[in-house]
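Here is the structure we will look at.
These values consider heavy atoms only, across backbone and side chains, with no hydrogens, waters or symmetry-generated copies. Numbering of ligands and ligand atoms starts at 1, following listing order.
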Amino acid sequence: MLKYTTVLFDLDGTLTRSEKGITRSALYACEKLGFTGHTEQELKAFIGPPLFWSFKELIGMDEETAQRATEVYRERFSTIGWAENEVYTGIISLLRSLKKNGARIAIATAKPQVFAERIAKKFGMAPYLSAIIGPGFDNKHASKAEIVKKAMDELGGHVVMIGDRKFDIEGGQANGVDTIGVAYGYGTREELEVAGATYVADTVDELADILLGDAPRAKGVFISIEGCDGCGKTTQREALVEHLAVRGWDVSMTREPGGDDVAEKIRGILLDPANEAMCAETEAYLYAASRAQNVRTRIRPAIDAGKAVVCDRFVDSSVAYQGGGRGLGTARIAALNDLAVDGTLPDITVYLRMDPDAALARRLDASKPDRLELAGEGFQERNFAAYEEFYAGEGMGRVVAVNAAQSIEDVTSEMLDKVDERLDALGV
Ligand code: TYD
C-alpha cells in the first residue's frame, strides 16, 4: 500500500535539471548584445530570479538593454533551450514504480503548461502521468497554491506535493496536504526545513523510499544491440547510453562476450587469434557460457534494481554467428542458449542493419581484426542472412530495425526515435 495515492511533482529541480537551457540562453543573449567574457558556470545565478533583474543586476545592463536581452533569451529558450534538460537519475524508475502500485502522478509546475507538456513527452515521462498542470494562456500568473489545487480537484486521492523550493512546500501547505522537499534540486535542505516540509529527501533514492516504502518496485528495461561486424555498433551504443541517462534512467552497460571477471576470461579465449583450432561447437558453448554468467551476475541484478541495461550483443549474435555463420543451425543455437538465459530476454533489441559489403568497407578502415573477423569468406554474409531470416521470421515485437548505412547522425536519430517509441509503449 502506498502512503500517498496522488503524487504531484514540481518540474524544474525536482524531475529535471534545467540549468543548461537557462545558462546557455543567458550566455547567448549576453554575447549577442556585446556583453562578452561570461561563462555558463557564472550564469547559474540566472536560475531562480526574474530574467530582467538578472540581466540588469548581475550583468550590469541598463534597463533598455536588459529588456532586449530578455527577448533574445526567450527566442533561444523557446526553440532550443527548453530541450537542454536532463531528468534526474532514477526518476523514471520511480515513476514506473509509482504507476505499478496504482498511484496517480502529475506534474504541478509554475512553468507554462505547454513547455511542461513538451518536456514530459520528449523525456519519456508522459506515459506515467495522469495530468500535467501549469499556467496556461488564461491564467499566466497562477500561484503554486492554485496549481496544486487544480491538480487536486482533477485527480482526488490522498495527495502529496513534492518540490525543490519553498514555494512548492507552501503551495502544498496552502491546500492542507503533506509535502516532500527534495534537496538535490535548486533549493537547500535548510530552505525546505524552514518552510516546514513534511519530509526532506537528499536524493532520488530517498524520495523513492518515502513514497514507496515496502511496496514492490518496477523492474528496469533490458535493451540489446545487434548487427554485423562493422555496422557501427560501438558508436551507436554510446549514443543510446547517453540518451537513456539524459532521460532519467540509471544505465548499466555490458557487452558480450564478457561482463564480469569470469565472462571476460571466456571472452579472451573466444577472441584470441591464436585459438585457430577451436571447433564451432566449442565456440557456441563458450558464448553461451559467457552469457550465462553475464545474465546472472550483471544483467538480472541491474534489471531487478530498476535500471536500464544496455547489452552490446546477446543471444541473437549467437543465432546469427554460430547458427548462421558457422552453420550450426539457428534453431539449435537458440535452443542451446535456453539454459544460459533462462527466460531473461531483451524488452527491446536494436538491430543495426547493414549489408555485409558496406560493413566490410567500414571494417577495412578500422582496428586489427579478431578471430571472428578473420573467419573467412562468406562468414559475414551468412551472419547477415541469419539475422535477416531470424528477425523476419519470428515477427518479434522487441526488434527495432535501424538502417545503419546512413550517416552516423542519421542512424542515431532513427535509432533513438524508435527506441523512445518502444519505451513509451512499455510504460503504458
Ligand atoms: P567484439 O570485439 O566485441 O566485436 P563487435 O564490436 O563487433 O561486437 O567481438 C565480438 C565478436 O564475437 C564479434 O565478431 C561477434 C562475435 N560473437 C559471436 O560470434 N557470437 C556471439 O554470441 C557473440 C555475443 C559475439
Worksheet item: With atoms numbered from 1 as shown, which atoms in ligand 1 lie under 4.0 angstrom from a non-hydrogen atom of S317?
Response: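 Close to S317: 20 (N), 21 (C), 22 (O), 23 (C), 24 (C).
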Worksheet item: Which ligand 1 atoms does K233 reach within 4.0 Å, using its non-hydrogen atoms?
Response: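 Those of ligand 1 that fall under 4.0 Å from K233 are 5 (P), 6 (O), 8 (O).
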Practice prompt. For the residue pair D168 and T14, confirm or rule out a side-chain donor-acceptor distance under 3.5 Å.
Written response: no
Practice prompt. Could you point out which residue of I303, L426, L244 forms a side-chain contact (heavy atoms from CB on, under 4.5 Å) with V221?
Written response: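 Going through the options one by one, the only one that passes is L426.
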Practice prompt. Pick whichever of A340, G232, G258, S318 has a heavy atom sitting closest to atom 22 (O) of ligand 1.
Written response: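 Checking each option, the heavy atom nearest atom 22 (O) of ligand 1 is found in S318.
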Contact (N/O only, under 3.5 Å) between [X] and ligand 1:
{"X": "Q322", "answer": "yes"}
{"X": "D229", "answer": "yes"}
{"X": "R313", "answer": "yes"}
{"X": "E256", "answer": "no"}
{"X": "R267", "answer": "yes"}
{"X": "T234", "answer": "no"}

Worksheet entry | Pi-cation contact, F379 with R326 (under 6.0 Å, within 45°) |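 Here R326 passes the 6.0 Å and 45° test against F379.
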Item to complete: Could you establish whether R255 and ligand 1 come within less than 4.0 Å of each other, counting only heavy atoms on the residue side?
Response: no
Worksheet entry | Whether R291 lies under 4.0 Å from ligand 1, heavy atom | yes
Discussion item. Would you say NZ of K99 has more than 12 non-hydrogen atoms from neighbouring residues, nucleotides or ligands within 6.0 angstrom?
Written reply: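 It does: K99 NZ has more than 12 such atoms within range.
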Practice prompt. Please check if atom CD in E193 has more than 12 non-hydrogen atoms from other residues, nucleotides or ligands closer than 6.0 Å.
Written response: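 Count over threshold, so yes.
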Worksheet item: Hey, do the aromatic rings of F314 and F222 have their centres closer than 6.0 Å?
Response: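 Ring-ring flag for F314/F222: true, centres closer than 6.0 Å.
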Worksheet entry | side chain to side chain donor-acceptor pair (under 3.5 Å) assessment of Y287 paired with R313 | CA-CA 11 Å; Y287 278 113; R313 300 196 176 280; over 6 Å; no
Worksheet item: Angle class for the F55/Y73 ring planes (parallel below 30°, perpendicular above 60°, tilted otherwise)?
Response: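 Rings of F55 and Y73: perpendicular, as their planes differ by over 60°.
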